[in-house]
Structures are given as C-alpha cells and as structure tokens.
Amino acid sequence: MTAIDRPTHVDTIIVNSSQLLTMAESGGVPGGAVAVKDGIVIETGRTEDLLRIYPGCPEIIDAGNQLVMPGFVDCHTHLVFAGERSGEMEMRLRGASYLEILKSGGGIHSTVRATRAASADELFDAGMERLDRMARNGTTTVEIKSGYGLDEETELKMLEVVRKLSADHTLDVAATYLGAHTIPSETDRNEYVRWLAGSSLETFSGYAEFFDVFCEEGAFSLEETEFLLEAAAQAGFKLKVHAGQFNDLGAARLAASMGAVSADHLENISDDDLDLMAKAGTVAVLLPGVPFFLQSSIYPNARRFIERGIPVALATDFNPGSCPSYSMQMMIALGVFFCGLTAAEALKAATLDAAKAIDRESETGSLEPGKKADIIILDVKSPGELPYYFGTNLVTKTMKGGILL
Ligand code: NIG
Ligand code: FE
C-alpha cells in the first residue's frame, strides 16, 4: 500500500506478535503488527513501522510475543438442531456403524424428530450459545446448514433461526439450505425429491445463499443429486455437495462439473474426480473430526488435493451425530496428524481457503488491506505449536470486525 492510501489515523494497532500470519504471503512477519480502522484492516507490517506511521493511536493491543493470524472460518457446520446423540456414540463403541444407525431410523432422523419438536426460540438460544463457544475457540465466520427439518415447516423454522443468528450474533454467518440431507421416513422418496427441486427452492431462495446435498447410501443417489443441483442452480443458489464420505458415488466430479463452490468430506474419491476438481477450481473441504469421532481409519488425504493445486479447507462439520466439536484448532491438529497437511497448510485451510469455500475470500480469511479485522491471538510462537499443543484452547483474544470479543 502506498502512503497516499493511508488514513491519517487508525483505531487500533495490534503489536509485538511472535509472528504475524497474514495468509496473503507464505511465512509470517516476525514481530509483525496490524493496524485497524472502522473494523477493517488498514495495513500490516513491522511493529516499529506501524507505531511510527500512526502516532497517537488510541488503542494499542500488545500481543505479548504470541501468534497473530486471521480468525478461523468454519465453512461447514450443522449448528442449528435440538437434542443430542451420545447414545449413538455408545452404540458405535459396541460395533454399530454410522450408516447402519442412519438406515435403521436413527442418526439424522433422530435429530429431525427433536428439531421438529423444538421451538424456534429454543433453537435460537442453543445456536447463540454454540456460536459463543466457537468464538471463544477463535472462529469468526460460520457457515450453517438447515437439514434437520426435512419438511417445509421445520426447514423454514431452521432457516429463520439461521437468519436471526446472523442478525443478532457478532460472528458472521453464511446460510445453506440442506433440505437434501436425507429422505424423511414418513414421505415417499420421489415426492420428496420433487418437492426439494420444486416449490421448496422458491420458498427458501431468500433464506440461503448455498444449496447442499448429502450424496450417499441412505441419503441421495448420484442421479437425484444431479437433478437437485441443476434445479438449485437454476433457482440461483450456489452449490455445495457432501461427497464421498463413506462411498464413492461420483458426487465430487459431479460437483466439479456443475461449478459447485465446494465438495466436502472426500474420504472416498477417485483421481479422475480430483483432476476435474482442479480444473473447475472446486474447493475441497476436509472434515477430519468426522472420521476421528466415528473411529474410522479412513481420512481424506490432503496431499492428493494439494499436489493438483486444489484449494483445501478445513471445517468442524459441527453436528450432533458425526462431530460435536466446536474447535477449529482440533481440526488443524487432526488435519496435520491424519490428512498429511503441514501446520502452515492447515492454518491456511482453516482461514483463507475456508473463506473461499463459502465465497467470502474478498472480505475475510486473510489480513489484507480492505478485509474485515477478524483477528485472533494464540498463546504459541509458531504454526507448528498449534498441532503440538493439541486439545486445549490456545486462543487468548478474538477480534471480530475490529471489536475485541
Ligand atoms: O456432514 N453427512 C451428513 N451429514 C452430517 C452428519 C449429520 C448427522 O449425523 O446429524 C455430516 O457428517
Ligand atoms: Fe456435514
């Protein structure tokens, strides 16, 4: 940035980091600082330079030789729901599988029953509390999916709750319509798919930016997924797909060929799918908390994506069935230990590339002039210490849009 673009003053300067990770360049600025005005990043640089350029800044935050980086973007969650499913965890510990529980009317169906029975206020209060927990763990932007209603009334209730969370909570929220989470047990399959691809898209197009499908055994077939994505794209939604979680049905290449913003999970996909994703620029969203929590040994292999230049994002998939974790720091550790990411790659996957997965990279995910001042300070010196000190919350300060939370 040239001196001419500089404002005469800024509101806040965060100084004395161990390293400032902007995500805009590789590596960090040792001892780096960041200047903020009106909730926006104005400039990054060395501490002594920014203090000299902006004398008399009213708020100086001393990072105390800790790591400063962009807030985490949790780009795949199912955060609005009622009930909990710890009983299913016990069943799995005795040998049942996730898909067996789903196919026998538990799993997603169990959360659908609880969510239908809950009031909008109950869902909203629980949602606010969960967003607070995420904020305390360093997350500053959250994608939230519907999909525990599977009927018009309850999907609407969920999406209205998401809208109210977006309005009332300090964190930014991106909304996804996931009526195509599974087929509700009481409804005829064809009738449900017709409703999803028809009037439901009109009803919900004002509520959600993205449309997502769970393409999997026990949920939607590849043909149904294609039919649904085509209709959703027609209706103006941006597309996402739950692809290759347990079985390779071909959803990742479908997502790529249809210009989806992201394909998510991706434990089981072919090299051909990867080549198509690379060509199309589809973001690969890896959710390593899911195999961890389901005690699977099959993790997505991040190297396969990175060697083809596919942007890799990490997210929690926060939900009551397959990953009830609020912690992007835990996902970074799992991404490093089980998916083959380096610590530096994992941090980029949890910020800038996660922002890409929800089309928010022009406003968040890196510390660059003009982007939101979504900034966290962590009690570590370098990226490698994040996975190293796994399992505890290392965040000491979270700033959202220039405001310390
Ligand atoms: O992303 N895979 C499908 N949906 C969620 C799990 C939802 C649930 O079990 O409630 C997932 O893993
Ligand atoms: Fe999911």
Side-chain angles (χ1 to χ4, degrees), residues 74-89 91-92 96-116 118 123 126 130 142-150 154-155 158 162 174-185 208 210-220 225 239-249 251-252 255 260-269 283-296 298-300 313-325 331 334 354 357-358:
D74 197 344
C75 63
H76 181 143
T77 86
H78 308 249
L79 177 131
V80 173
F81 60 84
E84 55 82 39
R85 297 189 351 230
S86 58
E88 291 181 2
M89 180 185 74
M91 285 164 73
R92 280 195 305 277
S97 79
Y98 178 88
L99 282 183
E100 278 163 13
I101 295 168
L102 173 64
K103 288 175 186 167
S104 69
I108 295 169
H109 299 292
S110 147
T111 302
V112 167
R113 289 188 286 275
T115 304
R116 286 178 179 173
L123 293 172
R130 289 172 193 150
V142 183
E143 183 261 14
I144 305 179
K145 302 176 198 297
S146 70
Y148 290 123
L150 309 186
T154 320
E155 287 294 313
M158 290 188 75
V162 174
T176 298
Y177 171 44
L178 178 61
H181 202 181
T182 191
I183 311 277
S185 25
F210 301 96
F211 181 89
D212 194 345
V213 183
F214 184 22
C215 183
E216 185 57 71
E217 278 179 24
F220 295 87
T225 302
L239 308 178
K240 290 179 161 287
V241 189
H242 283 66
Q245 180 177 4
F246 301 107
N247 297 285
D248 180 6
L249 304 189
V261 184
S262 74
D264 303 36
H265 287 283
L266 306 173
E267 283 85 344
N268 305 283
I269 68 167
V283 179
V285 177
L286 309 187
L287 308 163
V290 175
F292 180 76
F293 184 71
L294 299 182
Q295 296 177 280
S296 158
I298 302 167
Y299 284 80
L314 284 168
T316 60
D317 198 12
F318 178 79
N319 76 76
S322 69
C323 188
S325 169
M331 302 310 135
L334 295 173
I358 50 171

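We count ligands from 1, going down the list as the structure has it; atoms in each ligand are counted the same way.
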How far is atom 6 (C) of ligand 1 from its nearest protein heavy atom, and which residue and atom name does that atom have? Y98 OH, 3.2 Å

Okay, side chain of T115, backbone of V112: is any donor-acceptor separation there less than 3.5 Å? no

Among protein heavy atoms, which sits nearest to atom 1 (O) of ligand 1, and what does the distance come to when rounded to 0.1 Å? D317 OD2, 2.6 Å

Assign the ring pair H242 / H265 to parallel, tilted or perpendicular, where the plane angle (0 to 90°) is split at 30° and 60°. tilted

What angle, in degrees and rounded to 10°, do you get at the Fe ion (ligand 2) when you join it to NE2 of H78 and to NE2 of H242? 110°

Those atoms of ligand 1 less than 4.0 Å from some heavy atom in H78: 1 (O), 4 (N), 5 (C), 11 (C)

Quick one: are P288 and L314 in side-chain contact, heavy atoms under 4.5 Å? yes

Among the N, O or S atoms of D317, which one sits nearest to the Fe ion (ligand 2)? OD1

Parallel, tilted or perpendicular, judged at 30° and 60°: which one describes the rings of F81 and F318? tilted

Considering the options T176, N319, D212, D317, which one meets the side chain to side chain donor-acceptor pair (under 3.5 Å) requirement together with K145? D212

Nearest non-hydrogen protein atom, atom 10 (O) of ligand 1: Y148 OH, 2.6 Å

Could you check whether any side-chain N or O of E143 sits under 3.5 Å from a backbone N or O of A174, counting only pairs where one atom can act as donor and the other as acceptor? no

Ring geometry between H78 and Y148 (parallel below 30°, tilted from 30 to 60°, perpendicular above 60°): tilted

Decide whether the shortest distance between a heavy atom of H181 and an atom of ligand 1 is less than 4.0 Å. yes

N319 near ligand 1, heavy-atom distance under 4.0 Å? yes

F81: heavy atom below 4.0 Å from ligand 1, yes or no? no

